[in-house]
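Sequence lines set the chain letters: A, B, ... in the order given, protein chains first and strands last, and positions in each chain run from 1. What you are looking at is a predicted structure, and each value in this text was computed from that prediction instead of being measured.
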4 protein chains.
Amino acid sequence: MHHGNRHGRSEEARQAVLEAADDLLVEKGFAGLTVEGIAQRAGVAKQTIYRWWPSKTEILLEAFIDDAAEYLTPADTGDLATDLRRHLGKLADFLTTTDAGAVFRALAGQAQHDPVLAERLRTEHLGRQRERDRQPLLRAITRGDLPVGTDVDFAVDQLVGPIYYRVLVTGEPVARKYTDRLVAQYLDRSPGRGDASG
Amino acid sequence: MHHGNRHGRSEEARQAVLEAADDLLVEKGFAGLTVEGIAQRAGVAKQTIYRWWPSKTEILLEAFIDDAAEYLTPADTGDLATDLRRHLGKLADFLTTTDAGAVFRALAGQAQHDPVLAERLRTEHLGRQRERDRQPLLRAITRGDLPVGTDVDFAVDQLVGPIYYRVLVTGEPVARKYTDRLVAQYLDRSPGRGDASG
Amino acid sequence: MHHGNRHGRSEEARQAVLEAADDLLVEKGFAGLTVEGIAQRAGVAKQTIYRWWPSKTEILLEAFIDDAAEYLTPADTGDLATDLRRHLGKLADFLTTTDAGAVFRALAGQAQHDPVLAERLRTEHLGRQRERDRQPLLRAITRGDLPVGTDVDFAVDQLVGPIYYRVLVTGEPVARKYTDRLVAQYLDRSPGRGDASG
Amino acid sequence: MHHGNRHGRSEEARQAVLEAADDLLVEKGFAGLTVEGIAQRAGVAKQTIYRWWPSKTEILLEAFIDDAAEYLTPADTGDLATDLRRHLGKLADFLTTTDAGAVFRALAGQAQHDPVLAERLRTEHLGRQRERDRQPLLRAITRGDLPVGTDVDFAVDQLVGPIYYRVLVTGEPVARKYTDRLVAQYLDRSPGRGDASG
DNA sequence: GGGTAAGCGAGACGGTACGTCAAGTCTTCTG
DNA sequence: CAGAAGACTTGACGTACCGTCTCGCTTACCC
């Protein structure tokens, strides 16, 4: 087994920590997630964790980012309505049903208490996520399916805002029907086309 | 000074605790908010806190609810667009600029880690808040300014969702211009719309 | 069981800590004596130890002092030679064979690294011990068995010095014969009497 | 700089370690003396230390032994009283004022907790030191200044015992006057005495 | 209007986790 | 192949709060 060498950190330990953190969050919730517990579960020394991560939230963040990118990259079907419906559906699923989604909710929750984490979360995840959210709309503009002057950011807010609101605030489920309806509403008033429906 | 009596709790102590909790949250953030600290600041014994509140979040919740109701009850101007613009503007201000808003963000954050608190928050605050959010629309339906079949709940989601999204997720500011635009968009596609504009 | 009250510390906890410290020192030696271990053995919280003792050596010191006073108070037989022989014999036994003696050796050892402990050890124990060591000689002076001008402190140094030297430095045993001989040598040259022998 | 070679250990590294250990002991005391600190100060890898010394006390021991032999070898003036006075004076100075003396006190202290070190200290230092202590007396016997049957070891105990007692136990200073007086007392009762006085 | 019981401030208690420090082991690369 | 570098596991450190407890004081009500 690897026990350290002069060429930097142990990838083995890194993976074990990330997985242990993920598992423990899902098992015991954020309150039950302790550095001590992660160390024990990962079979790693506490000091090794403190050497590489400044806090348990940074561990979660690192564990989370790759998962999100993989899961949430929107497909390109060539049709705006379809792209949006798929993307929002995936987003809602991700946030409500996956382990990574649970990690996100925990991070978003903790970010309310911790400005540093909030900033890190925005830099490391939300910026990229917003880029992914914008893609279907940008492609539609390129194709000419949406007018060039479309305010893409405002559109994204209106499309994903209600989803995050339900996930983080009301706790209501976000069914496919609901996300489809958001898409329909958006396309319905959008001047650039006419055949959309929800 | 009051040192207990045989019939019922000390209102003095209750107030001191609620204020200390509020103050400390704003001063030191949620992470720095401890029962020990509240007790000391309030000049109260820890036991007194544990006697009346099951957790520090319940203290915040109790401190929060009245403030919210007072601040967020929507006025009735007889005009839907005006009512909505005022209400959303107030909501955004409340969430982003007031002490009570900071308490709400902390509670919403903590609710991501604590299902019991989440439930309490929904029961004690969000249900009532949603009722307040619905009022302008319900009144418009009564007045005939909106069709009877309007899906009020879906409308509320679309109106307040993006605001909460910005407050809790992206951290972007929520200017009056932004909330006005949400209202405009909503009324623009709403069939029974009156004179609304953004 | 007792769990704290407003009238100060728990005597139960105090006793448990002192005994646990003594036991663990004898069992595992000074190096193996940890605050954590004492707490566990005593069934006491670590914080309780830190509340009342600044370091593990203070615990040992407190545990030690009473034992020493009890064991080492010299008897009064009315005869200087007998008194001295008994006292030095007891001292040698104490230092080499008793648990409290082991504690003393550990404290004396640690005092070589820790000036604060050294001072405490002198204030709390050695001053009193020296007083006890002087008593047989002082009584002899009072009785007229030793001249009034006798340098009692120098005499004590010569009588106990070799004992401590063997105990702390050479590690050689200190038999009754050896201490008797120290007494004999001392009395032999002491001008004030003539019948002593070793 | 030297970074290892294929033929035996680095004398450079050895010296650096010994000096660093000595320096750090005097600077920070025994408690502040760590293998990590020695390695850093000596510009040496920790592993190099562990390769050649089993513990930090062995480093001190090695650093100490030569110093002691050099400083404490008693001169031969041909006169017992003078030899003893000089030797005890030097011993007292060594123990109380020199850096090597500080190392000795630390080692003697640590030896109370560590039987292995105690044994090593006796084998490597105390045995030789006792031989040095005995020399003046042995020479006096050879010269006929002391009777052949003199118990040299008992004499050494009585001469150096009070000095170590003061150094290690009471912490009192050991002035030249004090050591001279020890010599005087010894010679005073010794049947073969010459011209000794205190 | 004196007794009495509940609420209170105080604070010690047994715990858990924190974040830090050093010990001693192991691995890799350089000279 | 010794040594520099440094990551690793281990375990204790001393601290901060947790939630529980006991105590004696201070009322307000009830006889």
Side-chain angles (χ1 to χ4, degrees), chain A residues 1-10 12-13 32-37 39 43-52 54-56, chain B residues 1-10 12-14 32-40 42-52 54-56, chain C residues 1-10 12-14 32-40 42-52 54-56, chain D residues 1-10 12-13 31-40 42-52 54-56:
Chain A
M1 194 196 308
H2 180 92
H3 286 284
N5 64 53
R6 83 176 293 186
H7 300 297
R9 66 196 289 188
S10 156
E12 209 172 336
L33 184 70
T34 67
V35 173
E36 216 130 44
V44 143
K46 235 186 348 169
Q47 184 58 48
T48 297
I49 296 183
Y50 282 110
R51 179 152 37 229
W52 301 111
S55 67
K56 67 183 182 183
Chain B
M1 193 198 309
H2 180 90
H3 283 282
N5 67 61
R6 116 175 252 192
H7 296 294
R9 71 193 287 189
S10 158
E12 209 173 336
R14 180 178 165 273
L33 184 70
T34 65
V35 172
E36 209 126 330
I38 295 170
Q40 191 157 11
V44 143
K46 247 191 330 175
Q47 185 57 43
T48 299
I49 295 181
Y50 283 109
R51 184 157 26 231
W52 301 111
S55 68
K56 68 183 182 183
Chain C
M1 196 197 308
H2 179 93
H3 286 283
N5 63 53
R6 83 175 296 185
H7 300 297
R9 68 196 289 188
S10 157
E12 210 172 335
R14 180 178 164 273
L33 184 69
T34 67
V35 173
E36 215 129 49
I38 296 171
Q40 191 156 11
V44 143
K46 237 186 344 170
Q47 185 57 49
T48 297
I49 295 182
Y50 284 110
R51 180 153 35 229
W52 301 111
S55 67
K56 68 182 181 182
Chain D
M1 194 196 312
H2 180 91
H3 282 281
N5 67 59
R6 68 185 301 184
H7 300 295
R9 74 190 284 190
S10 156
E12 208 173 337
L33 184 70
T34 66
V35 172
E36 213 127 31
I38 295 171
Q40 190 158 11
V44 142
K46 247 192 329 176
Q47 185 56 43
T48 300
I49 295 181
Y50 283 110
R51 181 150 32 227
W52 300 110
S55 68
K56 68 183 182 183

**Q.** With B/Gln40 via side chain to side chain donor-acceptor pair (under 3.5 Å) - residues at least two apart
**A.**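 Expected list: none.
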
Q: Kindly write out the residues that satisfy side chain to side chain donor-acceptor pair (under 3.5 Å) with A/Gln47, not counting sequence neighbours, or none if the list is empty.
A: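 Listed in chain order: nothing, the list is empty.
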
Nearest whole Å is fine: how far is [N] [atom2] from [X] [atom1]?
{"X": "D/Ile38", "N": "F/dA4", "atom1": "CD1", "atom2": "P", "answer": "14 Å"}
{"X": "C/Trp52", "N": "E/dG11", "atom1": "CH2", "atom2": "C1'", "answer": "9 Å"}
{"X": "B/Tyr50", "N": "E/dG7", "atom1": "OH", "atom2": "C1'", "answer": "18 Å"}
{"X": "C/Arg9", "N": "E/dG14", "atom1": "CZ", "atom2": "P", "answer": "12 Å"}
{"X": "A/Ile49", "N": "F/dT9", "atom1": "CD1", "atom2": "C1'", "answer": "12 Å"}

Q.
Restricting to side chain to side chain contact (heavy atoms under 4.5 Å, CB included), what partner residues turn up for D/Ala45, sequence neighbours left out?
A.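 In terms of side chain to side chain contact (heavy atoms under 4.5 Å, CB included), with neighbours along the sequence ignored, D/Ala45 is linked to D/Thr48.
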
Q) Does D/Ser55 have any side chain to side chain contact (heavy atoms under 4.5 Å, CB included) partners at least two apart in sequence or in another chain, and if so, which? A)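 D/Ser55: side chain to side chain contact (heavy atoms under 4.5 Å, CB included) contacts with D/Thr57, D/Glu58.
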
Q. Looking at residues at least two apart in the chain, or sitting in another chain, which of them share a salt bridge (charged side-chain N to carboxylate O under 4.0 Å, His left out) with B/Lys56?
A.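 Residues passing salt bridge (charged side-chain N to carboxylate O under 4.0 Å, His left out) with B/Lys56: none at all.
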
Pull out every protein N or O sitting under 3.5 Å from an N or O of nucleotides 15-17 of chain E, one pair per line with the distance.
none

Q: Could you pick out which residue, B/Ser55 or C/Ser55, lies toward the 5' side of DNA chain F when each is mapped onto its nearest nucleotide?
A: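 Comparing both residues, the 5'-ward one is C/Ser55.
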
Q. Between F/dG3, E/dC18, E/dC13, which one does the side chain of D/Thr48 approach most closely?
A.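 The closest nucleotide is F/dG3.
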
Q: Specify the residue among C/Arg51 and B/Arg14 whose closest nucleotide of DNA chain E lies further upstream toward the 5′ end.
A: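 On the 5' side of the pair lies B/Arg14.
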
Q | Non-hydrogen side-chain atoms of C/Trp52 and C/Arg14 separated by less than 4.5 Å | A |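 Of all side-chain heavy-atom pairs linking C/Arg14 with C/Trp52, none is under 4.5 Å.
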
